[in-house]
Amino acid sequence: MDAINEFEIGILEWIAERMHCGFLDAVLSTVTHLGDAGIFWIILSIVLLFPKKTRRVGITMGISLIIGLLICNLAIKPLVARIRPYDLLGTTPYIISAESDYSFPSGHATACFECATAIFIYSKKWGAAAYVLAAVVGFSRLYLFVHYPSDVICGAILGVIDGILAALIVKFIYKKLGERKKTENLSAE
């Protein structure tokens, strides 16, 4: 085992030895599923598309999730092919089922931080709450022994970048649509 993996396994073991309890087992094994395939965030982004007031944030979340899927799950994970900590040690994950993909970066952290960033850009109050939720989901991945700390940290960073990129794309689209609408109104006169 190389020094980086050894150091990170040490952190995971520290968490396991000092923090595991029935309450956190129940809460974190439930909360972690908010990142499964991004489904919670996908549903939330769809719901936010309906009211005009929240449409931009819903679109931004959807675009950020697509960016994350392409970059994190389809490009980086297979390229890096980092095995999960429980596989490295020849054990099983704590409380939840084993994952079927690679460890780096955390797709759960990426999706949660993408959407938290998208929400934060449009609403600091709701975005702060979303960041707290994203951090709890990220921590759950360590607690459950399915990711290394660097997987979660890099997933969070990637998620923030994806969320900002998605917001810039949406801003560009809305600007172009606004210019097009102005042009159509001028030509109609």
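- Residues Phe145 and Leu89 meet the side-chain proximity criterion, which asks for heavy atoms closer than 4.5 Å.
- A single hydrophobic cluster is seen to contain both Phe113 and Leu168, as judged by linkage of ILVMFWY side chains at heavy-atom distances under 4.5 Å, directly or through other members.
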- Query: How far apart are the C-alpha atoms of Glu8 and Leu142, what are their side-chain angles, what is the distance that settles it, and do they pass the side-chain contact (heavy atoms from CB on, under 4.5 Å) test?
  - Reply: CA-CA 10 Å; Glu8 293 195 86; Leu142 305 177; over 6 Å; no
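- Side-chain heavy atoms closer than 4.5 Å link hydrophobic residues (I, L, V, M, F, W, Y) into clusters, and following such links, even through other members, never connects Val47 to Leu65.
- Remark: Tyr131 OH is packed, more than 12 non-hydrogen atoms of other residues, nucleotides or ligands lying under 6.0 Å away.
- Summarising the geometry of Phe50 relative to Arg55, their closest heavy-atom pair is O-NH2, 3.0 Å, with the distance given to 0.1 Å.
- For the atom pair Leu165 CG and Ile169 CD1, the distance stands at 4.0 Å (nearest 0.5 Å).
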- Item | Residues Asp36, His108; criterion side-chain contact (heavy atoms from CB on, under 4.5 Å); working and verdict | CA-CA 6 Å; Asp36 290 355; His108 283 67; 2.7 Å; yes
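- When the side chains of ILVMFWY residues are joined at heavy-atom separations under 4.5 Å, either directly or via intervening members, Ile157 and Trp41 end up in two distinct hydrophobic clusters.
- Nearest heavy atom pair, residue Gly58 against residue Leu48, reads CA-CB, 3.8 Å.
- Both Met19 and Leu28 belong to a common hydrophobic cluster when Ile, Leu, Val, Met, Phe, Trp and Tyr are linked at side-chain heavy-atom distances under 4.5 angstrom.
- The structure places NE2 of His147 at 8.5 Å from OH of Tyr86, a figure rounded to the nearest 0.5 Å.
- The minimum heavy-atom distance between Ile121 and Ala167, with the atom names listed, is CD1-CB, 3.5 Å.
- The shortest side-chain heavy-atom distance between Pro105 and Lys77 falls under the 4.5 Å cut-off.
- To the nearest 0.5 Å, atoms NZ (Lys171) and CD1 (Ile173) are separated by 13.5 Å.
- With hydrogens and angles disregarded, no donor-acceptor distance shorter than 3.5 Å links the side chain of Thr32 to the backbone of Ser29.
- Remark: Asp151 engages Arg82 in a salt bridge, criterion side-chain N to carboxylate O under 4.0 Å.
- For Cys72 against Gly107, the heavy-atom pair with the smallest separation is SG-CA, 3.9 Å.
- Rounding to the nearest 0.5 Å places CD1 of Ile76 at 7.5 Å from OG1 of Thr110.
- When all heavy atoms of Gly68 and Glu114 are compared, the pair lying nearest together is CA-OE2, 2.8 Å.
- Residue-environment remark: NZ (Lys52) stays at or below the threshold of 12 foreign heavy atoms within 6.0 Å.
- One finds the SG atom of Cys154 at 4.0 Å from the CZ atom of Phe104 (value rounded to the nearest 0.5 Å).
- Enclosure of atom OH in Tyr174 by more than 12 non-hydrogen atoms of other residues, nucleotides or ligands within 6.0 angstrom is indicated.
- Atom CD1 in Ile15 sits 10.5 Å away from atom CD in Glu13 (nearest 0.5 Å).
- Residues Val80 and Ile161 fall into different hydrophobic clusters, defined by Ile, Leu, Val, Met, Phe, Trp and Tyr side chains chained together at heavy-atom separations under 4.5 Å.
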- Message: Apply side-chain contact (heavy atoms from CB on, under 4.5 Å) to residues Thr117 and Ser64 and explain how you reach the verdict.
- Response: CA-CA 9 Å; Thr117 300; Ser64 70; over 6 Å; no
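- Using a distance-only test at 3.5 Å, with no hydrogens or angles considered, no donor-acceptor pair links the side chain of Ser103 to the main chain of Arg84.
- A heavy-atom distance below 4.5 Å is not found between the side chains of Cys112 and Leu133.
- Nearest heavy atom pair, residue Val57 against residue Ile119, reads CG2-CA, 3.6 Å.
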